[in-house]
Every structure is written in C-alpha cells, then in structure tokens.
Amino acid sequence: MPGLATSLFIFLTLICLMPLPTTAQEKYGLEFASKGIAQEYRTTLELFPGTAMDVKNEFSLTFDLSLTPNAPSYFGYVFRMVDNKDQNIDLVYDVHNQSFNLVTGNEFSGISFKADFDKICHQWQHVRLDFNINKRLIKLSLNGQTIDSAITALSPGHQLKIFFGVNHYKELTFFDLPPMRLKDIKIYQEDQLQYHWALNQTNGNTDTDLVNKKVAFINNPVWLAHTYHEWNKTRDFVIKGNASVAYDHRTGTLYINGSDSIYISNNNNLTTSKLARPRGLSSGNIAVFDEQTHQICNFLVDEKKVARYDSTHHTWDNVTNAESVTRYWHSNRFFSRYDSSIYIFGGYGDYHYKNEVQRAGKTWETLKVTGDHFTPRYMAALGANINGDSAYIIGGYGSLKGDQLLNPHNLYDLTLFDVKHKTFKKIYELPEPAQPFVFGNSMIIDTHQQCYYALTFANDRSQSSLQLIKGSLSKPVYTRLASSIPFRYFDVKSRAELFYDQQNEKLITVILFSENNTTRVQIYTILFPPSELTPHTVSEKNSYLWTPLACLLLGIVAFLSIIKRKKKVVVKPAFIAINVQEEIPVPEILPKPAILLFGDFTVIDKTGEDISKLFSPLLKELFLLLLLHSVTNKTGISSEKINEILWAGRSVKDAKNNRSVNMVKLKNILDKIGEYTLIKENGKWLLLFSEGTVDIDLQNFYHLLSNKDIEELVRITGRGIFLGETEYSWLDKFKSDISADIIPVLTQFLEDQAPDPGFIIAVCNCILHFDSLCEEAIMFKCRALVALRQHSTAKALYSNFTKEYQAIYGETFEKDYIAVLEQ
C-alpha cells in the first residue's frame, strides 16, 4: 500500500511540526516578603548555598521579574552577585527615578532602564544580563531588546555567589529589597543552559534546578503557586450588631457596618471608624456602595428607605428599627450607574420566596417587569456589568409559585436582567449536580471574557464549605477553582460575598455569621486569576525527548482513527443535538503533613501517606515525650527525665547509648514529616516544627481554646479523646489538663448560646469524649435530640447515663427525665 505509507509519513510529519500545548503554568513563581515586614522575616534566595558557581569567560543570567502592586515603597536590591574577591555586582531599584540601575562595586555602571510601571506590576518582564569576564563587558537586555552595555572597572573572579532579595553574606549584608516576584531563573555558560530554577514550588524552602539538580535555598518564601490556589484568611473578628457589607470597586475598599463602628478594610489593612452615636441594626439589613456619591448605603427592604453614611461626621441620616426582622432574607442587590439607583431582587420570609424587583432611587418602587418568568428565590448570586445596565442572576433556592409548601428546590438557571427595558431573559440552565448547591450573594462578571466567578456551597448541612467556580455567560459549563473555604451555614444567619480587587489583583471573600446581635466576620483573599491546574515540574532535558515521542504517539492514534472511520459503513446522517461539556480537572489539593493526637494516634507525611506504623512502641513514647513537652509548656524535657521514663534502672551510660540510637531512628521518621528542629537548650530537649509546615492538632487546640473558636474546637476534638488508646503514667497529667481546659469552655458555650440542635449534639459529644458522666452535656444533648424529634434516642441516652451514674457513684441521679428536658 504505497499510497497509505506515503499518507502516513506525511501525516506524522505534519503532526510533529504542529505546536503542542506546553506544560508551562503561568501561576507560579516566588514572591519576596519585603517592605513593612520585620527584617528577619524578609525573603532571601541563594542560588548556590554553601558553595559558589565556577564560571568561564562568558556567562548569562536571565529571569522573569515583576513588582507587587500597590506597595508603599519599591526601593531595594533585586539581586547581588559576589565573586571570590568579594566584589559585588547589584541590580537596584531607584524610587526617585523609577529605574533599575546596575551597580558594580561602589560605582554606577551607567546601565539603567525604566520599565512601564503599570506593566511591570502586572506583567512579567524578561531580564537578561550577559557577562564577558576577559573583556570586563556587561550587557543588559529587557524583553529581548538590548538596553545598554558597559565596561566595568572590576576584574571579576571566576567563582560567583548569587543572591536575590535579602543578603546575609559577610559584610555585604543588606535588608532593603523591592516587593517583587521572580520566576524561571536561568544561567547559561558559553550559550549552553547550565541551570534553570523555575520557582514553581507550593511549599518548602528549596527549589531544584531542572538541568543539573542544583538546590537553591529560600528563606521566608511566598510561593505564588500556593497563593493562586489557597485562600488566605486575612481577618477573623467579631463586631457588635447584625453586620452588613458594602464594597467600593473603585478603591478596593470593604465597608463592614457594625452598630457602633464602621470597619474599613483595604489591602489587608483594617481600620475602625467609631460612630458618633450607636445605631441598632435590624436582622437582615443590607448594605451597598453608591458609586456616584461615594457613600455607604444601608437599608431594610421592608421599611423602603435608604440610610446614607456621612463619613465626615460619622453619622447616618436615617435610622432603621433595630427590632425589625426582614421578610427579604438573602435578597440580591446592586448599585446601577445607569440610573443611579439601587436594585433589589427576590428574598425569603414568612414561608414565601420572592421574585419582586424593587428600585430605590429618588423614590422606592416595585417595578413591573416583563420577559421570562423569574422563579421566586433566595440564596442566588448576582453580578452586574460595569455600566450597571445589566445584571446576571444565577441559581438559588425557591419554588415556582413562591410558596415554601409547594415543592421548594435548588435552582441552577442563569438569567439576565435588562435595567433599561426592565425585562428578564433566561440564558440557560446548568445540569443538575450530584451534590446540590446554592450560591453566595454576589458574583463577579467579566463581559470581555464572557464569564463569571461565584461562590457555591451545599445547603443541606451546617458544616459546609464555599467553592469558587468560573462559569460561562453563554454556555451551561463551569469549572471549580482553588481550594474550598470552611463555611458554617445556618440559613438566614450566614452570608457569603465575593468581590474583585482590581488594583491588587485579588478576589475577596467575606463571610458574615450573625447571632445574638453580634456578627463574626471572616475575610479571605486569593490572587487572581485562581489556579485551575496544579503546576507541573518537567525536566528540561527530558521534555525535549518527550515532544517527538508525544507527536509520534498522537500521530499513530489519530491516523488509526482515520483508517477505522474509513472502514465504517457510511449512513445518511441524522440531525442530533449533542451537548458537550469540556471539564477542566479540579486542582489537586497538595497534602499537608499532620500529627493528630485527638482520637487515634496518626502521623501523615509530606506525601499524604499515613506513617503511624513506622513508630515502634518505644519510638512512639519518645516522640510523644519530646513533642508534648515542647508544644504544651515550651520548656522541653531533660535527658535525665527521658532516661527515667524509658530506661529506668539502666546505667547512665547504657541509657545514653539507647537514647542516642533511638534519636537517630526518630530523626529518620521526622525527615519524612516536614521541617523540624530537634535541639537541646538549657539542658532540655525541644522538638519544634517550622511554623505552618506541619498541622499539629494539639497546637491548634490551644490556639483555638484561647480564641474560643468553638466550631473548630469541635472539629478537632470530635475525632475522640486525647490519645485515647495510648496509656502511659506520665501522660495522665496531660490528659487531665486538656479535659480540664476544654470542658468548661464547651459547657459555657452551651449555656450562653442557642445554636442549631445538630451543633449542640456535636458539642455534647465532644464533652462526653472527655467526661462520659458530664451532667450538663447529657441534659443539653437530650434536649437537642427531642428538638429533632428523636425521643426514643433521648430516652435511651438518659437511661444509660443514670445506670452508669448509679454504678460509679452508688446513688441515684437526682433529676428525672422530665426535669432534664426542662430548661
């Protein structure tokens, strides 16, 4: 078949010449902690730690550079090269001239360049420096264009150390560096690539070059791959009143309304503006920012009047009835530039879902709308275009006629509201997901890319989570982005908002949980656009080999597919509508090492694998001795105490030998967990893990206890009693101390709060882990079970408790079942 062979050859050739998708992931790099951060916490990158690079006559250094937007100052050293004669070559940013200058020794080289400041803050700039040692020549290029060259007075040596950011090398130390980002550092010698540090890590303090496996060290790294994938909680605080939130898109400022203050958040800075006189905030009040008058507006839909904030006198011009409770819970709102009015959609109250469209302008009115039917709903997301003449509403929960008794269900339609013509147009309906979800109140619309960003969460559970999605404005498809955010959902008490900070290129999520006339406020941020895929690490050498192989395989598969189709019987085609949804894989959440001591003793290593079985009984006890004495009292444990517990009766020499051998074994296991320090200070051993690298539930427990974060305490202690299956005589004090710490906090919470019965049961279960005969926990759990109509379960719980009480204390419990249920 010469014709077939020829066709195959041509087909494979064309396939190999076609450009293939690269594995490059733009959302990676290293951000340098700099201005506004204490010197010891600023970032340094050393390419050749403990050694130097041997250079020939000609070599080149290239890297991609950008500056962090909206920083207070940009002065500082981008990098410093130091040779074996302690001569330095620096690239420094001069804030006065807004230029980068190349310094050689104590002199300016004469090479400098100005980059478009807006571009360098939002786009990577490719910097290249070419060196010729014999000629003492340096040439600098930017984005492929030669900027300048110069002859230096230095006679450079042939061994170099290279630092980016903070430098601690000998007397050449400095701490000033611009707030910058780097990626893809490469070094060429005689035009041959020698090193390539992609800087595409998500955690850790090292990065390995892709060519010769040279490890660079980074102190205080901020990995962009992590910050594009993981939400960062920037604020968590409680304010007075039923709070509401407004956002100024122009300045990227959040305004959170409390009953006695306005809390203002901008670029992670939080300030408070005290009101001249406190005001009551009714349940379900709403806030929005007026982009024309630059004022915060606050209102209760039911009262049909808008209060405006006077930032000069710190007063509101209207006061709502603090005792009122809205009938428009979770309604959507936006400010329209088109007609300088506030629009309000839907809501829920009095067992009815609403589909009213109300406008608050010079007067307050309910509009007559036309077009497609807008199903009554709440818990939908709304986003408006920049002109304010169109608003998109997606999803929610409601019913066709608005009556809660008539088949309420989750909604997944995307609808467009035309402000000018007052019409609704249904665009599409998403396929019903396996796990039902609703939406956070606000979403972001990008009409240029024809897409939206919104928060979703499961509304069939109280311990839910917010998941960011990106969807199309024209097709019923969406993609999950980034990690999820824990979300405590209790219907009308909880609210989630999503905003876009264009100046700092971040998404902002605000969570409000209002109860007992106070509101817990949580603010999360993530770099924009968030990651869809985890970055790939590909060997530079192997990637060149893989490309033709991939071409060949793709070509063979494609060619065989063509042959197969040719052999099929051709039939007259029918008109078939096919809905193809192209899904991008959900980003894999990288495992985090963990040490779990509540419940079963569990240790998770850096790869996410359970390595608990690696601990022999002796190693486990040694590990717990070191860890508990380091985490709880921070003072450590002496060698003598370890010997007394583990090798009692042995000679000092024998005990020391045993301790040394087992310390080595333990270190081998610790290396698998994460970054740690095992040191002896003031005669005592301390085992410390680098902050934020290993999740230690006991450490989290004490932090949450001090903040009285009940929700997270329940999550941690819900696994079971502290080291429940581990029994050592010395451990009893730790167990009793933990029980004594947690039980009063949880019982006080039960007495002070009136949360969901399901959460009451979870709290009671945690108390009973530590004290199975805690009377308060039994009584609250019985009442919660009855509230959930689980009468037989409540009765059985009480009966078992009284039997156990009688067996242990030898007397009858003083309260009968009816008395226990009375509050």
Side-chain angles (χ1 to χ4, degrees), residues 36 70 72 232-303 305-326 333 335 342 360 441-442 488 492-499 501 503-504 506 508-525 706-709 752-753:
N70 294 314
N232 175 37
K233 183 192 283 189
T234 60
R235 296 289 172 185
D236 190 339
F237 56 100
V238 176
I239 65 178
K240 292 181 180 179
N242 300 303
S244 53
V245 61
Y247 185 67
D248 181 0
H249 298 270
R250 180 178 54 88
T251 61
T253 305
L254 277 171
Y255 297 96
I256 302 160
N257 304 316
S259 59
D260 61 355
S261 302
I262 301 290
Y263 295 79
I264 304 166
S265 176
N266 184 278
N267 197 21
N268 296 341
N269 295 316
L270 186 69
T271 57
T272 305
S273 177
K274 283 284 185 184
L275 297 180
R277 54 182 177 274
R279 65 190 291 253
L281 288 172
S282 50
S283 297
N285 73 90
I286 299 172
V288 69
F289 191 80
D290 186 329
E291 298 175 13
Q292 300 285 2
T293 63
H294 307 301
Q295 287 181 300
I296 311 167
C297 300
N298 182 252
F299 56 89
L300 192 71
V301 179
D302 314 66
E303 295 186 355
K305 62 180 181 181
V306 177
R308 292 176 176 271
Y309 178 65
D310 182 338
S311 58
T312 303
H313 299 95
H314 308 293
T315 58
W316 292 88
D317 63 2
N318 271 319
V319 179
T320 57
N321 182 358
E323 303 302 319
S324 298
V325 178
T326 187
R333 85 292 189 199
F335 177 83
I342 300 168
N441 195 266
S442 47
R488 185 183 176 193
V492 297
K493 294 181 180 180
S494 49
R495 185 183 183 96
E497 305 271 7
L498 180 68
F499 306 109
D501 181 353
Q503 292 184 347
N504 295 293
K506 291 180 180 180
I508 304 171
T509 289
V510 182
I511 299 173
L512 304 177
F513 187 88
S514 298
E515 191 173 47
N516 298 329
N517 204 33
T518 61
T519 301
R520 180 182 178 185
V521 182
Q522 295 173 296
I523 303 175
Y524 291 81
T525 63
S706 63
N707 294 332
K708 295 189 178 179
D709 189 336
D752 292 347
Q753 306 294 325

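Only heavy atoms go into these numbers, but all of them, side chains included; no hydrogens, no water, no symmetry mates.
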> Quick check: does any side chain N or O of Asp310 sit under 3.5 Å from a backbone N or O of Thr312, one acting as donor and the other as acceptor?
Replying inline: yes
>> So which atom in Ala287 and which in Arg333 form the shortest heavy-atom distance, rounded to 0.1 Å?
In response: O-NE, 2.9 Å
> In terms of the angle between their ring planes, are His294 and Phe289 parallel, tilted or perpendicular, with boundaries placed at 30° and 60°?
Replying inline: tilted
>> In this structure, is the centre-to-centre distance between the rings of Tyr255 and Tyr309 below 6.0 Å?
In response: no
> Looking at Leu275, Ile262, Val245, which hits side-chain contact (heavy atoms from CB on, under 4.5 Å) with Asn257?
Replying inline: Ile262
> Can you name the nearest heavy-atom pair linking Gly258 to Ile239, along with the distance?
Replying inline: CA-CD1, 4.0 Å
> So Cys297 and Ile342, side chain to side chain contact (heavy atoms under 4.5 Å, CB included) or not? Walk me through it.
Replying inline: CA-CA 9 Å; Cys297 300; Ile342 300 168; 4.1 Å; yes
> Can you tell me how far NZ of Lys493 sits from OG of Ser283, rounded to the nearest 0.5 angstrom?
Replying inline: 10.0 Å
> CZ of Arg488 to CD1 of Ile511: how many Å apart, nearest 0.5 Å?
Replying inline: 12.0 Å
> Do Phe299 and Asn318 have side-chain heavy atoms sitting under 4.5 Å apart?
Replying inline: no
> Going by atom types only, do Ser244 and Asn298 share a side-chain donor-acceptor pair under 3.5 Å?
Replying inline: yes
> Can you pull the ring-ring contact (aromatic ring centres under 6.0 Å, His included) pairs that have at least one residue in residues 266-286, sequence neighbours excluded?
Replying inline: none
> Do Tyr263 and Leu254 have side-chain heavy atoms sitting under 4.5 Å apart?
Replying inline: no
>> Please determine whether the number of non-hydrogen atoms from other residues, nucleotides or ligands lying under 6.0 Å from atom CD of Gln292 exceeds 12.
In response: yes
> Do the side chain of Thr234 and the main chain of Ile523 share a donor and acceptor less than 3.5 angstrom apart?
Replying inline: yes
> Got more than 12 heavy atoms from elsewhere within 6.0 Å of NZ, Lys233?
Replying inline: yes
> Step by step, would you call Val521 with Arg235 a side chain to side chain contact (heavy atoms under 4.5 Å, CB included)?
Replying inline: CA-CA 8 Å; Val521 182; Arg235 296 289 172 185; over 6 Å; no
>> So Tyr247 and Val510, do their side chains get closer than 4.5 Å, heavy atoms only?
In response: no
> Which heavy atom in Asn285 sits nearest to a heavy atom in Asn242, and how many Å separate them?
Replying inline: ND2-O, 2.7 Å
> Looking only at atom types and distance, does a side-chain atom of Asp501 sit under 3.5 Å from a main-chain N or O of Ile508, one as donor and one as acceptor?
Replying inline: no
>> Testing the basics here: between Ser273 and Ile264, what is the closest heavy-atom pair and its distance to 0.1 Å?
In response: CB-CD1, 4.4 Å
> How many angstroms lie between CG in Asp236 and CG in Asp709, if you round to the nearest 0.5 Å?
Replying inline: 6.5 Å
> If every non-hydrogen atom of Ala243 is compared with every non-hydrogen atom of Ile256, which pair is closest and at what distance?
Replying inline: CB-CG2, 4.2 Å
> Would Thr519 and Arg495 count as a side chain to side chain contact (heavy atoms under 4.5 Å, CB included) if you check the C-alpha gap in whole Å, the side-chain angles of each, and the deciding distance to 0.1 Å?
Replying inline: CA-CA 11 Å; Thr519 301; Arg495 185 183 183 96; over 6 Å; no
>> Can you tell me how far apart CD (Gln295) and CG (Asp290) are? Round to the nearest 0.5 Å.
In response: 6.5 Å
> Considering all heavy atoms of both residues, which atom of Leu281 and which atom of Ser259 are nearest to each other, and what is their separation?
Replying inline: CD1-N, 3.6 Å
> Passes side chain to side chain contact (heavy atoms under 4.5 Å, CB included), Asp260 versus Lys274? Steps please.
Replying inline: CA-CA 6 Å; Asp260 61 355; Lys274 283 284 185 184; 3.7 Å; yes
> So how far is it from Arg250 CZ to Gln503 CD, rounded to the nearest 0.5 Å?
Replying inline: 9.0 Å
> If you measure from NZ on Lys506 to CG on Asn267, what distance do you get to the nearest 0.5 Å?
Replying inline: 5.5 Å
